[in-house]
Amino acid sequence: KMAALSGLTPWRRGWLPALQLVRRGSKAVTRHWKAMHFQRQKLMAVTEYLAPRPAVPPRCLGPRRETPQEDNGYARLLRRQVEEAFRDNRMIAICQYNSMPDEDVVLMRHYLRKHNIQVKFVLNEIVRPVLSQSKYKNLLPLFVARNILLVSPEAKVREMLRVLKGVPQVNLLGACIDDTILSRQGVENFAKLPPLEAAQGQTVGALALLPSQTSSLLQRGSAHLTALLDQHIRQLQTGETGSAAEPPPAQSSG
C-alpha cells in the first residue's frame with residue numbers, strides 16, 4: 001500500500017484520509033415471547049400469596065371513630081369572614097365561577113364596585129361548615145363547584161344582573177335577599193319590582209282608599225234620606241202656595 005501511495009501525485013495523496021473506519025454489520029438481537037412451562041405455572045399457582053381472612057367479619061366490627069382534625073388559624077379566619085359577610089349584608093348572591101382572564105375579573109370587579117357590590121372568592125370546605133350551623137343551611141346544595149359570592153349592604157339586584165349579563169363565565173345560581181332565599185328566577189322577578197319608596201306609596205294609597213270608601217258608603221244612606229226629605233218638604237210647600245193663591249186667567253188678545 002505504501003508503494004501504491006508513493007506512486008500517487010502529491011495533491012492526490014493529500015486528499016486521502018489519515019484514518020478510515022470500517023463498520024461491520026451486526027445481527028439484531030430480538031427476544032420473542034415464550035409461554036411459561038406448565039410445571040412452572042403450577043409452581044407459581046401453588047406458591048401464590050393468599051392474605052389471611054380476618055377472625056371477625058368486617059360487618060360485625062363497630063364503626064371507626066374518626067379523630068377530629070384541628071383547624072389552623074387561617075381556616076378560622078376565613079370562616080369568620082364568611083359569617084360576617086352573611087351577617088352584615090342584605091344581598092348575598094351565589095354564582096358559579098368558570099375560568100376567565102385576569103383582565104376580565106378586574107373589569108367585572110370594577111363595574112360591581114361602582115354599585116357597592118363586592119366579589120368574594122370562597123372555598124366549599126370553608127363555607128359549608130359555616131352554613132350547616134346557621135339559618136342559611138338551605139343554600140348548601142348551591143356550593144358544589146367553584147363558587148363566588150356577590151355581597152352588598154343594599155339590594156342592588158337590578159344592577160348586579162345588568163353586570164352579569166356581560167360576563168357569561170359567571171352564572172347566577174341563587175341569592176339570599178333580606179333573609180329570604182330566592183332562586184335564579186326569583187331574583188329576576190325581584191329585579192322587576194318597583195323601588196321600595198314607590199311600593200310604600202302605593203301601599204299607603206291603597207290603605208287610605210279603603211277607609212274613605214267605607215266612610216262614603218256609611219254616609220250615603222243618611223245623605224240620600226236627607227235629600228228625599230228636603231225634596232218632600234219642597235213639594236209640600238209648593239202645593240200649599242198653589243192652593244192658597246191660584247194664578248189669574250190669561251187675558252185673550254181678541
Side-chain angles (χ1 to χ4, degrees), residues 69 71-209:
Q69 299 180 356
D71 297 334
N72 53 9
Y74 183 64
R76 291 195 296 268
L77 176 62
L78 293 179
R79 289 176 183 174
R80 191 180 306 116
Q81 291 178 356
V82 173
E83 293 176 356
E84 292 176 357
F86 276 85
R87 184 179 64 248
D88 300 338
N89 295 282
R90 292 179 54 194
M91 184 186 72
I92 302 99
I94 301 94
C95 302
Q96 181 184 4
Y97 175 77
N98 300 313
S99 60
M100 55 189 299
D102 296 338
E103 295 81 4
D104 296 344
V105 176
V106 174
L107 195 62
M108 179 188 68
R109 281 186 163 183
H110 171 68
Y111 286 128
L112 290 174
R113 198 179 296 112
K114 283 185 175 180
H115 304 292
N116 197 14
I117 302 175
Q118 302 294 329
V119 180
K120 294 185 178 296
F121 290 84
V122 295
L123 300 175
N124 293 339
E125 54 268 20
I126 299 297
V127 178
R128 295 181 68 88
V130 175
L131 296 182
S132 61
Q133 301 176 0
S134 65
K135 59 183 178 181
Y136 305 105
K137 62 179 64 177
N138 292 332
L139 292 173
L140 286 175
L142 301 180
F143 292 92
V144 178
R146 190 179 181 185
N147 300 324
I148 60 175
L149 298 179
L150 305 181
V151 299
S152 175
E154 302 175 3
K156 298 293 188 67
V157 181
R158 193 173 304 172
E159 293 80 0
M160 180 189 66
L161 293 178
R162 190 182 303 117
V163 175
L164 294 182
K165 189 176 181 180
V167 187
Q169 293 86 354
V170 178
N171 301 320
L172 179 64
L173 301 179
C176 181
I177 303 174
D178 292 335
D179 294 337
T180 303
I181 298 176
L182 301 175
S183 62
R184 178 185 177 90
Q185 187 62 37
V187 175
E188 295 177 355
N189 295 337
F190 186 88
K192 298 177 182 178
L193 295 176
L196 181 60
E197 293 77 8
Q200 290 176 350
Q202 294 176 1
T203 305
V204 171
L207 294 176
L209 181 62

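Here the structure is a predicted model, which is why all the values come from computation and not from measurement.
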Exercise. So, for P168 and G166, which heavy atoms are closest and what is the spacing to 0.1 Å?
Worked result: CD-O, 3.6 Å
Seminar exercise, completed: salt bridge (charged side-chain N to carboxylate O under 4.0 Å, His left out) filter on E83, not counting sequence neighbours, yields none
For this session: Sequence neighbours left out, what passes side chain to side chain contact (heavy atoms under 4.5 Å, CB included) with K135? Give chain and number order.
Result: D179
Extract all donor-acceptor atom pairs below 3.5 Å that involve side chains of residues 140-165 and protein atoms in other chains or at least two apart in sequence.
| unit_1 | atom_1 | unit_2 | atom_2 | d |
| --- | --- | --- | --- | --- |
| N147 | ND2 | L142 | O | 3.2 |
| N147 | ND2 | A145 | O | 3.4 |
| S152 | OG | N116 | O | 2.9 |
| S152 | OG | E154 | N | 3.3 |
| S152 | OG | E154 | O | 3.0 |
| E154 | OE1 | K156 | NZ | 3.3 |
| K156 | NZ | H115 | O | 3.4 |
| R158 | NE | A191 | O | 3.1 |
| R158 | NH2 | A191 | O | 2.9 |
| R158 | NH2 | L193 | O | 3.0 |

Exercise. What residues, two or more places apart in sequence or in another chain, satisfy side chain to side chain contact (heavy atoms under 4.5 Å, CB included) together with Q81?
Worked result: L77, L78
Problem set entry | More than 12 heavy atoms from other groups under 6.0 Å of CZ on F121 | yes
Problem set entry | Between CZ on residue F190 and CD1 on residue I177, distance to nearest 0.5 Å | 5.0 Å
For this session: Return the set of residues passing side-chain hydrogen bond (donor to acceptor under 3.5 Å, both in side chains) with Q185 (not counting sequence neighbours), or none when no residue passes.
Result: N189
Which atom pairs, one a donor and one an acceptor, fall under 3.5 Å between side chains of residues 91-108 and the rest of the protein, sequence neighbours left out?
| unit_1 | atom_1 | unit_2 | atom_2 | d |
| --- | --- | --- | --- | --- |
| N98 | ND2 | Q169 | O | 3.3 |

Problem set entry | Partner residues of R128 under the salt bridge (charged side-chain N to carboxylate O under 4.0 Å, His left out) criterion, sequence neighbours left out | none
Exercise. Y136: what forms a ring-ring contact (aromatic ring centres under 6.0 Å, His included) with it, not counting sequence neighbours?
Worked result: F86
For this session: Any salt bridge (Lys or Arg N to Asp or Glu O under 4.0 Å) involving residues 84-94? Give me the pairs, sequence neighbours left out, ordered by first then second residue.
Result: R90-D178
Problem set entry | Contacts of N124 that satisfy side-chain hydrogen bond (donor to acceptor under 3.5 Å, both in side chains) - sequence neighbours left out | none
Exercise. What salt bridge (Lys or Arg N to Asp or Glu O under 4.0 Å) pairs are there with at least one residue in residues 105-118, not counting sequence neighbours?
Worked result: none
For this session: May I ask you to say whether E188 pairs ionically with K192, meaning some side-chain N is under 4.0 Å from a carboxylate O?
Result: no
